[in-house]
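Worksheet: one structure, shown below.
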Amino acid sequence: MATADLYPRITLGASASYQTLDSRSLGSWDSHLWQVGPSLSLPIFDRGRRRATVELKRMDQQVAAVAWQQAVLNAWQEVDDALNDQAAERQRNQYLRTREAASREQLTFARTRAANGLVSGIDVLQAELRWRQTQDALVQSDSSLETSLVRLFKAVGCGCRRKGVPQRRRPLAEMGLRQDIKERISVRTSCRRRGLY
């Protein structure tokens, strides 16, 4: 129901027809019927219902706008969280790679010292245990890094495909992932400045 339905409506109408009892007089002017006249519609008794309907439609539009805005903000939050997770896991992975290289060096050093009789075999086993634990943490970090990349792809909408439709693998630069992320971040930053986020 439109807002225009709250006000009186005047319409002009016209009609033409034939009326006769005998088919022979169908062509005469006496069988022609003409009708022309206005029609007036006044919303006197149901004006309150019409106003309530218009107000309800306006509220529905506002609810839809808020729901859309919330969906957009949730999408931005997902992208932001995925980017933060990716950066944190990448930093942790670099630290673990450095630590793994250092523990491998310590193991080599402990083996050399044990071969020369300077330390016992227990020291070598402890160094090997530390190296294995660091390797295990690095493997888990690699897995978490790949998982965070999948979450980032999901958040920005990359890599989606329909069932039964083959999709070739494309490099990130070809997909425009970096540009897409930069655009989303710039839009999010402008939303923050305006107080929308």
Side-chain angles (χ1 to χ4, degrees), residues 58-197:
R58 190 174 297 135
M59 290 295 186
D60 285 346
Q61 288 176 347
Q62 288 177 353
V63 167
V66 168
W68 178 81
Q69 184 181 23
Q70 189 63 38
V72 168
L73 292 178
N74 287 341
W76 287 126
Q77 186 66 42
E78 284 180 20
V79 170
D80 188 44
D81 290 347
L83 285 171
N84 289 338
D85 291 348
Q86 178 80 6
E89 194 57 46
R90 191 175 303 280
Q91 188 176 12
R92 179 175 178 264
N93 191 278
Q94 288 297 326
Y95 167 74
L96 287 174
R97 286 192 187 285
T98 306
R99 191 169 158 200
E100 191 270 336
S103 62
R104 189 176 346 110
E105 237 178 78
Q106 287 176 352
L107 176 61
T108 305
F109 184 65
R111 284 180 179 163
T112 305
R113 289 182 64 180
N116 292 333
L118 298 174
V119 293
S120 66
I122 293 177
D123 292 334
V124 174
L125 290 176
Q126 287 176 343
E128 188 171 351
L129 177 66
R130 283 192 298 271
W131 178 62
R132 299 276 181 200
Q133 288 173 340
T134 307
Q135 272 189 327
D136 183 46
L138 183 59
V139 167
Q140 289 177 3
S141 176
D142 286 341
S143 174
S144 295
L145 193 61
E146 295 299 321
T147 303
S148 68
L149 184 64
V150 169
R151 263 184 297 196
L152 178 62
F153 274 29
K154 182 181 174 192
V156 297
C158 293
C160 298
R161 67 179 181 148
R162 287 179 247 146
K163 290 182 181 178
V165 177
Q167 184 177 11
R168 67 179 181 89
R169 295 182 61 108
R170 297 182 295 173
L172 291 179
E174 187 180 330
M175 280 194 258
L177 177 64
R178 291 186 187 275
Q179 184 63 30
D180 189 40
I181 291 172
K182 286 179 184 177
E183 288 173 5
R184 289 178 185 234
I185 290 172
S186 67
V187 170
R188 183 162 183 258
T189 305
S190 67
C191 287
R192 275 191 177 162
R193 286 187 198 134
R194 293 181 187 154
L196 298 174
Y197 188 79

request  = Could you walk me through whether Glu78 and Asn74 pass the side chain to side chain donor-acceptor pair (under 3.5 Å) test, one step at a time?
outcome  = CA-CA 6 Å; Glu78 284 180 20; Asn74 287 341; over 6 Å; no
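Closest approach of Val124 and Ala114 over heavy atoms only: CG2-CB, 3.4 Å. Nearest heavy atoms, Leu96 versus Ser141: CD1-CB, 3.6 Å. Heavy-atom minimum distance, Val79 versus Leu152: O-CD1, 4.4 Å.
Atom OG of Ser103 and atom CZ of Phe109 lie 15.0 Å apart (nearest 0.5 Å). Taking OH of Tyr95 as the reference point, atom CG of Leu138 lies at 12.0 Å (rounded to 0.5 Å).
No more than 12 heavy atoms of other residues, nucleotides or ligands lie within 6.0 Å of CD1 in Ile122, so this atom counts as exposed by the packing criterion.
A donor-acceptor pair under 3.5 Å links the side-chain atoms of Thr134 to the main chain of Arg130, judged by distance alone.
A donor-acceptor contact under 3.5 angstrom links the side chains of Asp81 and Gln77, judged on distance only.
The salt bridge (Lys or Arg N to Asp or Glu O under 4.0 Å) contacts involving residues 60-69 comprise nothing, where partners must be two or more places apart or lie in separate chains. Sorted by first then second residue, the salt bridge (Lys or Arg N to Asp or Glu O under 4.0 Å) pairs that include residues 95-106, not counting sequence neighbours, are Arg97-Asp142, Glu100-Arg104. Among residue pairs with one or both ends in residues 111-126, those qualifying as salt bridge (Lys or Arg N to Asp or Glu O under 4.0 Å) are Arg111-Glu128; sequence neighbours excluded.
Among Gln86, Arg92, Gln91, the one residue that satisfies the side-chain hydrogen bond (donor to acceptor under 3.5 Å, both in side chains) test with Glu89 is Arg92.
Between Leu129 and Leu125, every side-chain heavy-atom pair lies at or beyond the 4.5 Å cut-off.
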